[in-house]
Amino acid sequence: MNDTLKDAVQDAVTDEKMLLQRAQALDNAALGEIHDRYYPEIYRYAYNRVGEQASAEDIASEVFLRLLNALHSQHAPQTTLRGWLFGVAAHLVVDLFRRRKTVALDESVPDGKAARLAEDALHQSDLRAALHGLTGEQKEVLALRFGEGFSIEETADLMKRSVTAVKALQFRAVESLRRELVKDEENG
């Protein structure tokens, strides 16, 4: 890593720590800045995991409610704000999938779009079925790497795993998806 990049990373870490300290003091401007800075990323992560706008919005909102509760109860994150927020989001996604039993079909779709939406749904269904066969960690690494665009190092930090472990998880997940999708294509 060159010196300019190291300095930029260090500045970002310092900025996040200062923002976290202000939030721990319940500074309203800091709380607003945290929401503005991290809500889009948390929403995108949740949306990429659950595939529904309303559920993703609920999860993202709940993450920030939990942050406020943690700040008020003196149980706020101590080192990495971003990692804490994504950790909470990951737990909420898992909780949502545990609670879900069935998915209701939306019957309010106009007829002109029905065929295209049905075809898209089949492709998404194949992908979701293939994703279902992955482990929780494999799903998480794919969501962070490809859904959120995090680097291997950032993903490793968020998942509290080594860079090598994240690379292996990502490789196994992608390979498993490829096998499942090829098998589905050959069978269907």
Side-chain angles (χ1 to χ4, degrees), residues 1-24 30 33-51 55-71 75-98 127-181:
M1 194 184 287
N2 66 32
D3 289 340
T4 305
L5 185 56
K6 282 182 184 179
D7 290 344
V9 169
Q10 186 60 36
D11 288 347
V13 169
T14 301
D15 179 51
E16 184 178 279
K17 285 182 181 179
M18 289 174 49
L19 185 60
L20 180 57
Q21 288 172 348
R22 290 176 42 219
Q24 288 169 334
E33 187 176 337
I34 289 169
H35 184 273
D36 292 346
R37 183 184 295 184
Y38 294 108
Y39 184 90
E41 289 182 71
I42 297 296
Y43 168 81
R44 231 180 6 261
Y45 170 78
Y47 183 80
N48 287 332
R49 293 293 306 271
V50 301
S55 295
E57 288 171 351
D58 291 345
I59 288 169
S61 296
E62 181 65 24
V63 166
F64 290 96
L65 285 174
R66 290 192 181 189
L67 175 63
L68 284 175
N69 289 337
L71 290 167
H75 292 99
Q78 299 299 310
T79 54
T80 171
L81 178 60
R82 187 174 194 226
W84 189 91
L85 294 170
F86 274 94
V88 171
H91 289 293
L92 291 171
V93 166
V94 169
D95 289 345
L96 175 69
F97 284 128
R98 284 185 186 144
L127 182 57
R128 288 202 189 283
L131 284 168
H132 185 70
L134 299 179
T135 68
E137 284 185 327
Q138 288 173 332
K139 290 175 192 174
E140 186 174 2
V141 79
L142 291 179
L144 291 170
R145 291 281 293 128
F146 302 115
E148 292 305 312
F150 288 140
S151 69
I152 290 282
E153 293 78 11
E154 290 170 321
T155 302
D157 187 47
L158 287 170
M159 293 182 70
K160 296 178 177 38
R161 303 287 302 260
S162 71
V163 168
T164 304
V166 168
K167 286 179 181 178
L169 271 170
Q170 178 181 317
F171 176 80
R172 286 193 304 271
V174 169
E175 192 57 27
S176 179
L177 282 177
R178 186 193 62 74
R179 279 192 311 270
E180 281 301 310
L181 292 172

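What you are looking at is a predicted structure, and each value in this text was computed from that prediction instead of being measured.
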What closest approach, in Å, do [X] and [Y] show between heavy atoms, and which atom pair accounts for it?
X	Y	result
Tyr45	Ala143	CE1-CB, 3.8 Å
Ile59	Ala46	CG2-CB, 3.8 Å
Ala156	Val166	CA-CG2, 3.5 Å
Ala23	Ala30	N-CB, 3.8 Å
Ala173	Leu134	O-CD2, 3.7 Å

So, taking the atom named [atom1] in [X] and the one named [atom2] in [Y], what distance separates them when rounded to the nearest 0.5 Å?
X	Y	atom1	atom2	result
Glu33	Leu19	CD	CG	4.5 Å
Leu96	Glu62	CG	CD	11.5 Å
Ser61	Ile42	OG	CD1	11.5 Å
Ser55	Leu92	OG	CG	11.5 Å
Glu153	Thr155	CD	OG1	8.5 Å
Leu158	Arg82	CG	CZ	6.5 Å

Beyond-backbone contact of [X] with [Y], side-chain heavy atoms, under 4.5 angstrom:
X	Y	value
Leu67	Val88	no
His75	Asn69	no
Gln138	Thr135	yes
Leu144	Phe86	yes
Arg22	Met18	no

Check: [Y] main-chain N/O paired with [X] side-chain donor or acceptor under 3.5 Å:
X	Y	answer
Asn48	Arg44	yes
Glu41	Tyr38	no
Gln170	Leu142	no

**Request:** Using the side chain to side chain contact (heavy atoms under 4.5 Å, CB included) rule, take Arg66 and Val63 through it: C-alpha gap first, then chi angles, then the decisive distance, then the call.
**Result:** CA-CA 5 Å; Arg66 290 192 181 189; Val63 166; 5.9 Å; no

**Request:** Taking only Lys NZ, Arg NE, NH1 and NH2, and the carboxylate oxygens of Asp or Glu, determine whether Arg49 and Glu140 approach each other closer than 4.0 Å.
**Result:** no

**Request:** Considering only NZ, NE, NH1 and NH2 on the basic side and carboxylate oxygens on the acidic side, decide whether Asp15 and Arg37 come within less than 4.0 Å.
**Result:** yes

**Asked** Under 3.5 Å, is there a donor-acceptor pair linking the side chains of Glu57 and Tyr39?
**Response** no

